Amino acid sequence: MSFLSDQPLDLGALVARVTAPERGGIACFVGVVRDHHEGRRVLRLEYSAYDAMAEAECARIASEAEAKWDVRVALAHRIGTLEIGEPAVAMAAAAAHRDAAFAACRYLIEQVKRRVPIWKREYFADGTVSWVDPRQPARPAEPPAEAGPGAPPPTDPMGHTDWGV
Amino acid sequence: MTVSAASTVTVRVLLFGSYAEAAGQTSLTLTVPAPATVASVLRLLRAQAAGARLPERPLCAVNLAHARLDTPVAQGDEIAILPPLAGG
């Protein structure tokens with residue numbers, strides 16, 4: 001299953017993939033391109049990815065959600081140039097009851113934003129273009145965690161980065 | 001008779017987004033002394049023009065998974081240097 005798409009996302013198709021007779025609650029989240037950023041008008045966004053790792057990371061996130069809760073999940077992320085209002089990311093989580101569906105859906109979007117190697121360039125109405133850095137305003141760098149070889153991967157891949165370039 | 005370990009490790013390094021833009025290239029091949037880690041690859045990268053503007057501890061991945069500075073690196077591994085993630 002491919003998670004990245006250069007075509008418009010189809011939430012209905014994601015819902016169809018998780019629908020089952022025993023699953024009475026389906027939670028969905030759709031992230032769409034916003035028309036402003038820090039008070040400036042945005043015209044469009046251009047998404048790019050480290051494709052192979054983004055696919056692998058999305059697969060890991062989906063597996064984790066299905067291990068944590070009794071749910072079926074589906075998600076997709078758009079790549080390429082997106083206009084205002086176009087869905088950039090979409091997901092659905094289906095469970096017997098709503099609590100697990102909402103929890104799993106929330107997990108998907110939070111982990112996608114935190115872990116999946118995707119970047120975006122903002123095209124502003126004033127003609128400027130810049131890479132989006134969600135860490136702005138800048139926060140202090142954290143020291144790297146110490147761990148021996150074979151230590152599990154960090155739960156927060158951002159936790160040992162610092163901010164520059 | 002024992003087989004001696006190779007004394008160097010050659011890896012492929014990928015750059016993305018603003019890092020690729022700053023470097024003017026998206027990939028390069030580096031050879032570092034064994035045993036190697038993400039940190040030792042970064043040290044060599046930063047000494048070159050392509051990596052001169054990288055932050056001290058950028059987000060990194062080894063073979064499609066998030067890695068730490070002390071993650072070991074082996075011959076043929078793919079090391080990705082990732083700018084701040086902005087998906088969603």
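Hydrogens, waters and symmetry mates play no part in the numbers below; they use all other heavy atoms, side chains included. The sequence lines fix the lettering, A, B, ..., with proteins before strands; numbering per chain opens at 1. Small disclaimer: the values here were computed from a predicted structure and weren't measured.
When heavy atoms are compared at a cutoff of 4.5 Å, A:Trp119 approaches chain B by way of both its backbone and its side chain. Both the backbone and the side chain of A:Tyr50 come within contact range of chain B, each with at least one heavy atom under 4.5 Å from a heavy atom of that chain. With a 4.5 Å cut-off on non-hydrogen atoms, A:Arg121 touches chain B through its side chain but not through its backbone. For A:Ala90, no part lies under 4.5 angstrom from a heavy atom of chain B. With a 4.5 Å cut-off on non-hydrogen atoms, A:Ala52 touches chain B through its backbone and its side chain both. Heavy atoms of A:Val116 lying under 4.5 Å from chain B belong exclusively to its backbone.
Nearest heavy atoms, B:Ala86 versus A:Val132: CB-O, 3.7 Å.
Other residues, nucleotides and ligands contribute over 12 non-hydrogen atoms within 6.0 Å of the OH atom of A:Tyr123. Summarising the local packing, CZ of A:Arg23 is surrounded by more than 12 heavy atoms from other residues, nucleotides or ligands at distances under 6.0 Å. Within a 6.0 Å radius of NE2 in A:His97, no more than 12 heavy atoms belonging to other residues, nucleotides or ligands are found.
Under the 4.5 Å side-chain heavy-atom criterion for ILVMFWY residues, no single connected hydrophobic cluster contains both A:Leu11 and A:Tyr107. If you chain together hydrophobic residues whose side chains sit under 4.5 Å apart, A:Val18 and A:Leu108 never meet in one group. Both B:Leu28 and B:Val38 are part of a single hydrophobic cluster, where members link through side-chain heavy atoms under 4.5 Å apart. Connection of A:Leu9 to A:Phe29 is not established within any shared hydrophobic cluster, with ILVMFWY side chains joined at heavy-atom distances below 4.5 Å, either directly or through further cluster members. There is no path of hydrophobic side-chain contacts, each under 4.5 Å, that joins A:Ile26 to A:Ile109.
When the candidates A:Ser48, A:Ala56, A:Ala49, A:Pro117 are compared by the number of heavy-atom contacts under 4.5 Å with chain B, A:Pro117 comes out ahead.
A distance-only check finds no donor-acceptor pair linking the side chain of A:His77 to the backbone of B:Gly87 [under 3.5 Å]. With hydrogens and angles ignored, the 3.5 Å screen pairs no side-chain donor or acceptor of A:Lys113 with any backbone N or O of B:Gly88.
Here the side chains of B:Phe16 and A:Met53 are not in contact, with every heavy-atom distance at 4.5 Å or above. The closest side-chain heavy-atom distance from A:Pro134 to B:Leu85 is not below 4.5 Å.
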